[in-house]
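Residues: numbered from 1 along the sequence shown.
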Amino acid sequence: MSQNTEQMPVSLYRAAQVRELDRRLIAAGTPGVVLMQRAAHAAWRTLRRHWPTVGCVTVLAGQGNNAGDGYLLAVLAQRAGWRVKVLAVGDPRRLRGDAAAAAEEARVAGVVCQDWRNTSSLDGVLVDALLGTGLSGDVRAPYIDAISAINASGRPVLALDVPSGLCADTGRALGLAVKASVTVTFIGMKIGLLTGEGPALAGECVFDDLQADPAILEQVPAAAQRLASVTLQALPARSPTAHKGRFGHLLVLGGDRGTGGAALLSAEAALRCGAGMVSLATRPEHIAAALARRPEIMTLGVDSTYRLHALGEVADVLVAGPGLGVAPWGRALLSLAASRAVPQLWDADALNLLAEGLLQLPAGAVITPHPGEAGRLLGWSTAEVQADRPRAVLALAQRYNCVALLKGAGTLIADAQGRLALCDHGHPAMAGPGLGDVLAGVIGALLAQGLSPFDAASLGCWLHARAGERLGREGRGLAASELIPLVRRLLEEHSPCLS
């Protein structure tokens, strides 16, 4: 995402919650038409800031309050000397209340208003004022045709509140959605703008609270919290008398034949993020490579779990799954992990084995599935997971009594008590091998240093995503190991070792 997300609000809402906030603001004395005017001014400021020299705008207006925002934006552009037209999708005579008043104001101001089907071109910046957050099912005619025309136009698009067709709660496109260049959203930040298909459809997000009374905004609890430096837990500074025994002994279980690198990436990430001691239990043939790359990691070659039991007993934190495989060797290692009552993170093949139902996840563990793994754990299809990512991650946390981290655009983190967080950092260049193994090691290191499972998952995800975002700007071909030194530096910025 191109915007400075650290400047955006940390509270995230569902559409019904924002409508309730809107209702409470009106009940407290701010007329609806005033909120609509403020929304139009916020949209006009955004339009001028992004496209100051275009001088032409086409507003596509629907039937609700979202259309009212668009009509008033057209009035502002007309008064500024821009070429303006409003294309009505649906019958403007069906507008009611504040939206009808806004349309009449546009007519009186001399704004050209016509049926959208009677125009041969879409000119200048296109303003999506079609549907807003009120859509409950898939987009239908005539809106689906208008959205298709917007997306095919090649013109820059400013969406008001949310791109039409995007579910503000889930980040799912409801059949078809506008692909916006910029979205200006009002009163409360919608969770669907930041997860699933939301980031790709919304483009750059701009937030305006419409001068809402903060005391009223606090009356409706947020649905989720956006991860940001001001809300994330920090590691405490280390005492001058610190020693390695105070910062946990972390054991990585994984690296079957052919996948030893996955387990080594996790172990190296854990070491570089401050775990006091790091051990790696892997196939014997991986020992030489592991010692050559990172001799600080204590490495045990395991042919059977008999040799592993003593090490498993002294480890404070377990990371299970990177390169583990689903053969008997990996199953045996995971059975050992399942028997230990220590903080744990399960990833990759550990999750595939968990989905078989033959092992029980220790209470309070962290799991880090991608959507396919999440689907197997829930008995859902991948498409069902992606259709409602917030619901999926909460279901995982509750079903397995754990902290669940659902990877993907707009990574989500939930616990069994219903707490929900979202990470809006990251980069498409992170779509490559080994990134999840590094994430597992980072979170494991934070667990080893005393953070709670939810706090460790949240901070680890944020550090990992910010590192990937920064390195991703250099282009594709990002190697997972490149993240580790940058994650270490970012962790030090957030949690200085010395006070």
Side-chain angles (χ1 to χ4, degrees), residues 2-3 33 35-90 92 95 98-132 142-143 145-166 177-186 193 201-208 210:
S2 61
Q3 62 266 37
V33 68
L35 293 174
M36 191 173 286
Q37 289 166 346
R38 291 175 182 173
H41 279 278
W44 175 233
R45 288 192 297 270
T46 301
L47 195 155
R48 285 182 300 162
R49 183 166 60 250
H50 287 81
W51 302 283
T53 62
V54 171
C56 178
V57 62
T58 301
V59 178
L60 289 95
Q63 297 287 296
N65 283 344
N66 194 244
D69 299 340
Y71 279 107
L72 293 181
L73 169 60
V75 172
L76 295 172
Q78 176 100 346
R79 290 173 179 167
W82 284 38
R83 289 186 291 114
V84 181
K85 61 183 173 184
V86 174
L87 304 181
V89 181
L95 290 169
D98 295 331
E104 176 61 16
E105 184 173 338
R107 187 192 67 78
V108 172
V111 173
V112 174
C113 301
Q114 61 190 89
D115 189 300
W116 82 278
R117 290 168 295 188
N118 294 336
T119 185
S120 60
S121 64
L122 300 175
D123 304 316
V125 179
L126 308 185
V127 175
D128 166 23
L130 291 171
L131 294 170
Y143 295 102
D145 299 320
I147 292 172
S148 295
I150 291 172
N151 290 345
S153 70
R155 307 299 308 174
V157 179
L158 174 66
L160 304 187
D161 214 15
V162 298
S164 291
L166 175 69
V178 166
K179 184 172 176 56
S181 310
V182 179
T183 297
V184 55
T185 195
F186 311 120
L193 292 169
L201 293 171
E204 180 181 345
C205 284
V206 176
F207 174 74
D208 196 292
L210 306 188

Please examine the side chains of [Y] and [X], heavy atoms only from C-beta on, and report whether any two atoms are closer than 4.5 Å.
X	Y	result
Asp128	Thr183	no
Ile147	Ser164	yes
Pro163	Leu193	yes
His50	Val125	no
Asp145	Trp116	yes

Show me the donor-acceptor pairs within less than 3.5 Å that the side chains of residues 54-63 make with the rest of the protein, sequence neighbours left out.
from	atom 1	to	atom 2	distance (Å)
Thr58	OG1	Asp123	N	3.3
Thr58	OG1	Asp123	O	2.7
Gln63	NE2	Asp91	O	3.1

Determine whether the aromatic ring centres of residues Trp82 and Trp44 are separated by less than 6.0 angstrom.
yes
So side chain to side chain donor-acceptor pair (under 3.5 Å) across residues 68-80, not counting sequence neighbours, yields none
Open item on the list: Main chain of Leu130, side chain of Asn66: is a donor-acceptor contact present, judged purely on distance under 3.5 Å?
Closed with: yes
Mind listing the closest non-hydrogen atom pair of [X] and [Y] along with its distance?
X	Y	value
Leu122	Ala149	CD1-O, 3.7 Å
Pro92	Gly90	CD-O, 3.2 Å
Ala103	Leu95	CB-CD1, 3.7 Å

Given the options Arg45, His41, Arg38, Asp208 meets side-chain hydrogen bond (donor to acceptor under 3.5 Å, both in side chains) only with Arg45
Original post:
Yes or no on side-chain contact (heavy atoms from CB on, under 4.5 Å) for Leu87 and Gln114, after CA distance, side-chain angles and deciding distance?
Top reply: CA-CA 5 Å; Leu87 304 181; Gln114 61 190 89; 3.5 Å; yes
